Amino acid sequence: MLIKHKPALSEAQVTPKSIYVDRRSFIRQTLAGTLALSGLGLSVSPALAAQAENPSRSAWRQKLASPLATMQKSPYSTTETPAPLKDIQRYNNFYEFGTGKGDPGEHAGGLTIDPWRVVVEGEVEKPGSYMLEDLIKSHLLEERIYRLRCVEAWSMVIPWVGIPLSALIARFKPTSRARYVLFESLVRPEEMPGQRSLFSGIDWPYQEGLRIDEAMHPLTLMAVGLYGDILPNQNGAPFRLVVPWKYGFKSIKSIVKIGFVETMPPTTWNQLQPGEYGFYANVNPAVDHPRWSQKTERRLPGGLFGANRIETMPFNGYAEEVTSLYAGMDLSANY
Amino acid sequence: MRVNWRSRSVWWGVFGGSLIPLSERLYQMFWGDLGTDPGKTLTESLGTIALCFLGMTLAITPLKRWFSLSLVHLRRMQGLFTFFYASLHVGAYLLFLADWSAFMDDVIKRPYIFVGLAAFLILLALAATSFKTMMRRLGRHWKTLHRLVYPAGVLVVVHYAWQSRGDYTTLFIYSLSLLLLLSARLPQRVFHSARSPEPE
């Protein structure tokens with residue numbers, strides 16, 4: 001007689017999928033952690049981009065192939081030389097994947113970026129849940145080479161590909177009560193290890209916002225690409241904001257929600273440290289961060305001997321285009 | 001197999017091991033890749049190494065007290081390696097990272113630099129008085145002076161804390177480790193203060 005015992009737990013239930021699928025990096029991290037704690041400082045160097053690309057990226061690239069093929073150059077681009085792709089991909093602040101600059105490059109590869117929906121809500125005539133490709137396909141993609149100035153006093157030149165946010169906003173037909181635009185990033189702890197951290201100060205989702213006139217400004221870009229290709233996951237794939245005259249943290253990544261509201265929306269860094277990060281966060285060499293100077297910046301990539309330290313420009317060099325947005329405002333009070 | 005912790009080979013082994021982080025950094029500097037922001041990467045990694053050595057130096061008393069493992073003969077070496085890596089950290093900061101045009105402004109206004117500098121000055125004083133002649137000359141004051149390593153530990157963690165943003169996992173690990181290491185000193189002060197102090 002055959003008695004079948006059904007096991008209470010299957011093998012797959014014992015270990016969370018995210019860990020066994022990612023076991024190599026788990027082993028690498030554990031090993032690196034142990035060695036670091038033992039003080040030997042022997043870090044196991046991460047095998048960047050060693051694994052095959054995840055299928056959702058290939059699917060998304062397919063969908064974006066024809067818009068990318070007709071990409072136009074933009075007069076808003078700087079003539080400065082863009083940072084090499086390698087540096088743009090390995091030096092990131094994307095706390096959903098960890099706080100180290102290399103963490104997003106190591107951990108974001110598995111993020112599922114297709115299918116991708118963006119919820120549009122609030123004070124608009126056409127709210128809804130849109131497929132990202134439907135938002136993009138009727139617009140002409142532009143390449144915009146912008147300076148990016150991080151609040152941490154480093155900067156890079158990045159060749160984004162995207163569409164002006166103003167064109168997108170026009171489709172949703174905001175009402176007269178839409179005075180601010182808010183944005184939210186993806187929350188998916190199983191693919192975003194930083195969101196699993198027990199000691200994170202950030203209350204996910206990451207949130208950002210702009211005044212409606214800032215959002216409608218022609219420089220404000222919704223990026224879907226970089227160097228003529230779809231965005232790398234660590235750079236905020238598949239869909240992110242780029243506001244070149246503001247500190248980098250305003251340019252929220254992997255956006256899943258755009259809302260139109262009457263009052264100033266809460267923003268992540270401002271809520272975390274209101275004395276250090278304001279809602280406006282315009283690049284301003286005259287207003288120091290309480291913990292460091294904002295007068296200069298390190299233009300990356302830099303060399304060890306001869307760091308590229310350059311003067312920081314008001315509004316990150318876009319003063320001519322955007323100063324009028326802030327006429328009559330005290331920029332040291334509204335940092 | 002029993003390890004004779006007091007043997008010369010253990011001493012030399014620890015000495016050689018303590019040089020591995022240095023050789024790694026040198027390799028990265030001259031033949032390898034320090035990444036996109038090399039000055040910052042080098043400075044931060046040397047700081048972390050110095051912090052680990054400080055932790056190991058402070059761990060010697062708890063190892064003896066809680067695990068009966070006496071590595072007291074290695075403490076001066078570990079302390080001097082702490083100072084060595086802290087010096088490289090400060091040197092790398094000055095050479096590869098500091099903004100000279102705003103340097104004094106930075107030191108005065110940026111609390112994390114000020115606190116780090118204070119910790120470094122303590123380590124400098126301890127390193128300078130770590131030799132037998134200075135021990136003899138300072139007599140009983142030597143021990144009082146070298147207890148400054150505890151405030152130095154606190155300053156180092158504050159130096160790190162003031163640069164933390166957003167996620168505090170590492171800061172939690174550092175703070176907890178420091179608390180644990182310092183707590184190893186407490187019971188002795190409480191329970192044995194009447195007796196003659198045992199050598200630390």
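We name chains A, B, ... by the order of the sequence lines, and we start the count at 1 in each one. Heavy-atom basis, side chains included; hydrogens, waters and symmetry copies ignored. This structure is a prediction, so every number in the text was calculated from the model and none was measured.
By the 6.0 Å contact criterion, CG on B:Asp33 is enclosed, its count of non-hydrogen atoms from other residues, nucleotides or ligands being greater than 12. Atom NZ of A:Lys295 is surrounded by more than 12 heavy atoms from other residues, nucleotides or ligands within 6.0 Å. Atom CZ of B:Phe114 has 12 or fewer heavy atoms from other residues, nucleotides or ligands within 6.0 Å.
For chain B, the nearby part of A:Gln273 is the side chain; its heavy atoms alone come within less than 4.5 Å. Contact of B:Ala98 with chain A is made through the backbone alone, with heavy-atom distances under 4.5 Å. Using a 4.5 Å cut-off between heavy atoms, A:Pro84 does not touch chain B at all. Only the side chain of A:Tyr277 has a heavy atom closer than 4.5 Å to any heavy atom of chain B. With a threshold of 4.5 angstrom between heavy atoms, A:Ile202 approaches chain B through its backbone and through its side chain. With a threshold of 4.5 angstrom between heavy atoms, B:Ser164 approaches chain A through N, CA, C or O but not through any side-chain atom. Of the two parts of B:Leu51, neither the backbone nor the side chain holds a non-hydrogen atom closer than 4.5 Å to a non-hydrogen atom of chain A.
In summary, of the residues considered (A:Lys101, A:Arg90, A:Arg298), a side-chain contact (heavy atoms from CB on, under 4.5 Å) with B:Thr36 occurs for A:Arg90 alone. Checking B:Thr170, B:Thr169, B:Ile173, B:Leu171 one by one against A:Phe199, the side-chain contact (heavy atoms from CB on, under 4.5 Å) holds for a single residue, B:Thr169.
The most heavy-atom pairs under 4.5 Å with chain A, out of B:Gly55, B:Gly39, B:Gly35, come from B:Gly35.
Atoms OH and OG1, from B:Tyr168 and A:Thr99 in turn, are 10.5 Å apart once rounded to the nearest 0.5 Å. To the nearest 0.5 Å, atoms CZ (B:Arg165) and CG (A:Asn93) are separated by 6.0 Å.
Judged by distance alone, with hydrogens and angles left aside, the side-chain atoms of A:Arg291 form a donor-acceptor pair with the main-chain N or O of B:Trp162 at under 3.5 Å.
Looking only at side-chain heavy atoms (C-beta outward), B:Asp37 and A:Glu152 stay at 4.5 Å or farther from each other.
For the residue pair B:Asp167/A:Ser197, the side-chain donor-acceptor check at 3.5 Å is satisfied.
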